[in-house]
Student: 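Here's a structure for you.
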Amino acid sequence: MASRFNPLSADARWQKIWDERETFRASDASAKPKSYVLEMFPYPSGRIHMGHVRNYTMGDVLARFRRMTGHEVLHPMGWDAFGMPAENAAMEKNVHPGTWTRANIAAMKAQLKRLGFALDWSREIATCEPEYYGQEQALFLDLYEAGLVYRKESAVNWDPVDMTVLANEQVIDGKGWRSGAVVEKRKLSQWFLKITDFADDLLNGLGALDQWPEKVRLMQENWIGKSVGMRCTFHFAGRPGGFEVFTTRPDTLYGASFTAIAADHPIAQELAKNSPDLQAFIAECQQSGTAAADIETAEKKGFDTGLRVQHPFDPNWHLPLYVANFVLMDYGTGAIFGCPAHDQRDLDFARKYGLPVNRVVAPEGHENEPVGGEAYVGPGRLVHSHFLNGMEIEAAKQAVIARAQHEGWGKGTTVWRLRDWGVSRQRYWGTPIPFIHCDDCGVVPVPKSQLPVKLPEDVSFDIPGNPLDRHPTWKHVDCPKCAKASRRETDTLDTFVDSSWYFIRFASQPDDKPFDRAVAESWLPVGQYIGGVEHAILHLLYARFWTRALKKIGKIDVAEPFTGLFTQGMVTHETYKAPDGNWLSPQEVEARDGQIVAIASGEPVQRGRVEKMSKSKKNTVDPGPIVDQYGADAVRWFMLSDSPPERDLPWSEAGIEGAWRFVNRLWRLIDGLEDAQGEDKDLDRKLHKTIAGVAEDIEDLGFNKAVAKLYELANAIEKAKPSASRATAIRTVLRLVAPMVPHLAEEGWARLGEDGLVADAAWPDVDPALLVDDEVTIAVQINGKLRDTLMVAKGTPREELEKLALAAPNVLRQLDGAAPKKVIVVPDRLVNLVA
RNA sequence: GCGGAUGUGGCGAAAUCGGUAGACGCGACGGACUUAAAAUCCGUUUCCCGUUAGGGAGUGCGGGUUCAAGUCCCGCCAUCCGCACCA
C-alpha cells in the first residue's frame with residue numbers, strides 16, 4: 001500500500017531527533033579534518049524572510065555535504081542583536097529594547113529550526129548579552145593597551161529636536177529622518193580604531209583571497225584607496241607662509257599653471273575674514289550637495305584669492321592661488337597644484353579661467369601637439385620640463401621626489417582614502433565602551449576584573465537623547481585609579497564591532513576570556529562564508545581588520561578570517577502598480593481576458609519589474625506559511641533550483657509547486673522500491689556520473705546544476721525497468737539529496753530500513769569505471785553544420801569514423817557524389833567534412 | 001565619468017578545454033485515467049517553411065580568426081550593481 005510523504009509530521013519528527021542526539025554539534029576534539037561553514041548572522045528584526053531562507057539553505061547544503069564527506073563541521077548560528085531598530089521599537093511601542101530583541105530572537109530561532117538547518121545551537125550567540133559584549137569590552141581594552149584605540153574630536157550629525165546623534169543613513173536631504181529638523185554638525189570627542197595602521201596589509205591581503213568574488217576585492221581595494229605620490233610645500237610670493245600639496249603626478253610639476261585649496265581649508269577661512277566675496281563663494285561651495293547626481297554635472301568653479309605662490313623649481317615663477325569647489329579638504333592636504341594638460345578637472349578649470357595649458361608629457365612624435373578638450377593621461381616621455389626631459393613618467397616622478405627631498409621642500413608619501421574607524425555611538429542599545437572619565441586622571445580604562453560593564457535595564461525612551469547619559473546612577477562611578485567621583489563613558493560601540501569577531505567566538509567561547517587561542521585556531525579561518533553583497537565593504541573589511549589587530553597583539557595567529565566568500569543573489573518577486581500609483585501585492589491581482597486587473601476593483605494594473613522583496617513594493621512572501629503548507633524540504637529545494645546562487649531568484653507560486661511535486665516524486669520512488677535482479681549498465685553509469693557531478697557542483701556552490709543533475713537521475717530511474725541497479729540507484733539517491741531535502745531523506749532512509757541517520761551517512765563512493773561511456777555519439781558535420789550523428793564504440797579509430805561519416809545517408813545526399821576537400825576527425829566527438 | 005557584472009526559447013537557465021546550442025525546471029498545448037475535478041502518467045514545445053522526411057535562421061549588435069565560435073580577438077549597444085570632483 002503506497003504511503004504519502006507528510007512533511008508536517010516528518011519535519012517535526014526528524015528535527016526532534018537531530019536535536020536530541022545533538023547530531024550537528026561540532027566537536028573541538030575531533031580527529032577529522034575540520035570545516036567551518038558560516039552564513040552571515042541575522043539581525044533579529046522579528047521575522048525570517050526569504051533572503052535568509054536562501055542564504056541559510058545554501059550554507060546548510062554545504063555543511064551537510066561536508067559532514068557526509070568526512071569533515072568535522074562547525075556550522076553555528078547567532079544574532080547580531082544590538083542596533084537602532086530595537087531603540088525605535090522601544091520608542092514606538094514602549095517596550096524595552098532587550099525585551100523586544102529577545103522576543104524576536106525566540107521567534108526567529110523557531111522559524112530557523114522549522115527549516116531543519118544543521119546548526120550547532122549549543123554555540124548560539126546573541127551580541128546583546130553580557131557574556132558576549134563583556135568579552136568584546138575585554139578585547140577593546142587589549143587593543144587600547146596596544147595603542148590601536150584612541151580618542152579624537154570628530155563631527156557628528158546632530159538632530160537638535162530629537163537631541164540625538166544621527167547615522168548618515170538617518171539624514172535625508174540634510175534633515176533628521178524622524179524630526180525633519182535641519183541637522184547640525186557637532187564636534188564630539190569620540191573613539192577611533194586605528195584601521196589605517198593596517199591599510200597596506202588589508203590591501204595586500206586581498207591578493208591572496210582567490211576564493212572571494214573579484215567584485216568584492218575590487219570594492220575593498222577602491223575603498224582603501226591607496227595613492228602613491230608626493231607632498232610638497234608651496235610658498236607664497238611676497239609674503240611669508242605657504243601650504244602643503246599632495247600629488248600623484250610630481251612628474252608634471254613643470255606643467256603647473258595654478259594652485260587651489262578647498263573651501264574649508266584654513267587659509268581660505270582666514271582670507272574670508274576680510275573678504276565678503278570669498279565668504280559668499282565658500283558658502284556656495286558648502287551648499288552644493290555631494291549627492292551623486294550633482295557632482296556629475298557640477299561645474300568647476302574657483303575664486304582667485306589674489307595671492308601668488310612660488311613654483312618649487314623657480315621662485316620667480318608665480319602661480320595664482322584659487323579657492324576651488326572641486327578640491328576636498330578631507331583628502332590629501334586639501335590643496336592641489338593644477339596641471340591642466342594632464343588632469344581633466346584641472347583642464348576644465350583652466351579653460352574656464354583662461355589659464356595656460358602646458359603639455360609636459362607626450363608620446364613619441366607628439367611633443368608639441370597642443371592639448372585640446374581632453375587632458376592627456378596616457379604614457380609617454382617628459383617634454384618642456386628641463387632636467388626631466390626625455391624621462392619616462394615613473395622615472396620622472398622619482399627624480400622630482402629625489403630633488404624635493406634633497407632640497408627639503410617635499411617628500412614621497414602615500415595617501416589613503418581609508419579613514420580610521422569611528423566606533424562611538426551616542427546610543428543605548430550597544431556595547432558600553434569600558435572607560436571612565438576622571439577629572440584628575442583623564443580617560444581611565446575599566447579594570448578587566450570589573451567587566452562586563454553591563455547596560456542598565458531601567459531606562460526609558462520617552463524623552464529624546466541617550467538614556468545612558470541621563471540615567472540617574474549608571475554613569476556615576478569612582479575613578480579606578482584615584483577613587484575620585486568620575487563619569488562613565490556613555491557612548492556605545494558601533495554594531496559593526498560586534499560582528500567583527502563573532503566568528504571567532506563561535507569557534508571558541510570560554511567563560512573567562514573572549515576565546516581560547518588553540519581552539520579558535522583549530523577551526524579558523526572560516527572555509528566558506530556566505531552572505532549578501534551589501535556587506536562587501538564595511539563588515540568584511542572590519543572583520544579583516546580585527547583579525548589582524550588580534551594577531552598583532554598576539555591573541556590569535558590567523559591571517560584572514562574568511563578563506564572563501566560567496567555573495568548570494570536576492571529573492572525577487574513580481575510587482576504590480578495600480579493606476580492611482582499604489583503598489584498591489586501579487587495576491588491582489590489576477591489575469592482576466594489577457595489583462596492584469598486588481599481583484600478587488602477590477603481595474604487594470606501595470607506589471608512592474610521583478611524586484612527584491614520589500615514591504616514598500618508589497619511583494620514580500622513570508623516563508624512561515626509557505627513552510628507550513630509545503631514543508632521545509634520543498635522550500636529548500638526551490639531555493640536551490642533554477643537560478644545560479646549568485647544571481648537573483650524570482651519567487652513564484654509555480655516554482656514552489658514544482659519543488660513540492662519533485663519531493664513527492666522522490667517519495668514515490670522510495671516508497672515503490674522493489675528489489676529485483678539484473679544489471680542495468682546505463683542506469684549504473686547515470687548514477688555514478690550523478691554522484692560525481694553533484695559532489696562537484698556542491699563544492700562549487702553550483703546548487704542549480706546539482707538540482708538539474710538530480711532531476712535527470714530521477715527521470716532515468718523512473719524510466720528504468722526493475723533491476724538490482726535500479727534498487728541500488730534508489731537507495732543511493734537518498735544520500736545524494738540528503739543535504740538538500742534532509743527530512744525526506746531521513747524518512748526514506750528509515751523506510752528502507754537503513755542503519756542510523758542519513759545525516760550521519762557517508763557520501764556514496766564513485767566507481768571511476770562507470771564514469772566513462774563505452775558508446776559515444778559522433779556528430780557528422782558538413783562545413784561545420786550538423787548533418788547526421790553516428791553511434792560508435794568509444795575509441796573508434798579516425799579512419800573508421802571517416803568511412804562511417806562518408807557513408808551516412810544524409811551525408812551522401814548532401815554531398816551528392818562529390819568528395820570532400822578536407823576531413824577533420826576529432827575522435828569520440830565529431831567528423832567535419834569540408835565540401 | 002570610473003570600475004565591475006550580465007545579455008542564450010514565452011520564463012528561470014545549461015553547455016567546466018573552441019567541437020551536436022537550449023540539458024533540467026516552469027509555463028503552454030495535445031492525450032490517457034476520471035461522471036467531473038484535483039493528483040498522476042504519456043507526448044509535443046527555439047523560430048520560420050513543410051503532413052512527414054527534411055530544409056533555412058538562430059546565443060544583444062557589427063566585424064574578424066578558425067575546418068568549426070555562446071565560448072577567442074576588435075569595435076559598439078543595452079541593463080543592473082558599486083564608487084564618485086581621491087589631486
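Just so it is clear, the values below take in all heavy atoms, side chains as well, and ignore hydrogens, waters and symmetry mates. Here is the naming used below: chain letters follow the sequence lines, and residue numbers restart at 1 for every chain.
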Student: I'd like a table of atom pairs between the protein and nucleotides 43-48 of chain B - only N or O on both sides, under 3.5 Å - with the distance next to each one.
Tutor:
none

Student: Please enumerate all residues that pass side-chain contact (heavy atoms from CB on, under 4.5 Å) together with Thr333(A), with sequence neighbours excluded.
Tutor: Arg231(A), Glu244(A), Phe246(A), Ala335(A)
Student: Among the nucleotides rC24(B), rG19(B), rA21(B), which one has an atom lying closest to any side-chain atom of Ala708(A)?
Tutor: rC24(B)
Student: Applying salt bridge (Lys or Arg N to Asp or Glu O under 4.0 Å) as the test, list every pair that has at least one member in residues 250-260 of chain A; sequence neighbours left out.
Tutor: Arg249(A)-Asp251(A)
Student: Which ones in residues 246-257 of chain A lie close to RNA chain B, meaning a heavy atom under 4.0 Å from one of its atoms?
Tutor: Phe246(A), Thr247(A), Thr248(A), Arg249(A)
Student: With Phe566(A), which residues qualify under ring-ring contact (aromatic ring centres under 6.0 Å, His included), at least two apart?
Tutor: none
Student: Any chance the side chains of Arg647(A) and Gln568(A) put a donor and an acceptor closer than 3.5 Å?
Tutor: no
Student: Does Arg417(A) make a side-chain N or O approach to OP1 or OP2 of rC83(B) shorter than 4.0 Å?
Tutor: no
Student: Closest to the Ser227(A) side chain: rA87(B), rU20(B), rG19(B)?
Tutor: rA87(B)
Student: Scan residues 826-835 of chain A for pairs that pass salt bridge (Lys or Arg N to Asp or Glu O under 4.0 Å), counting only residues two or more places apart or in two chains.
Tutor: Lys794(A)-Asp828(A)
Student: Extract all donor-acceptor atom pairs below 3.5 Å that involve side chains of residues 648-656 of chain A and protein atoms in other chains or at least two apart in sequence.
Tutor:
unit_1, atom_1, unit_2, atom_2, d
Asp648(A), OD1, Met570(A), N, 3.0
Ser652(A), OG, Gly655(A), N, 2.9

Student: Could you tell me which residues satisfy ring-ring contact (aromatic ring centres under 6.0 Å, His included) with His535(A), sequence neighbours excluded, listed by chain and number?
Tutor: His539(A)
Student: Classify every nucleotide of nucleotides 2-18 of chain B by which part a protein heavy atom approaches to under 4.0 Å, writing B for the base, S for the sugar-phosphate alone and - for neither, in 5'-to-3' order.
Tutor: --S--S----BSSSB--
Student: When you get a sec, tell me which of rC41(B), rA68(B), rA87(B) is the closest nucleotide to the side chain of Asn832(A)?
Tutor: rA68(B)
Student: Which of these nucleotides, rG54(B), rA21(B), rA87(B), is closest to any side-chain atom of Val327(A)?
Tutor: rA87(B)
Student: Please identify each residue that fulfils ring-ring contact (aromatic ring centres under 6.0 Å, His included) with Phe258(A), with sequence neighbours left out.
Tutor: Phe349(A)
Student: For Arg665(A), give me all partners under salt bridge (Lys or Arg N to Asp or Glu O under 4.0 Å), at least two apart in sequence or on another chain.
Tutor: Glu718(A)
Student: Would you please name every residue forming a side chain to side chain donor-acceptor pair (under 3.5 Å) with Tyr331(A), sequence neighbours left out?
Tutor: Ser227(A)
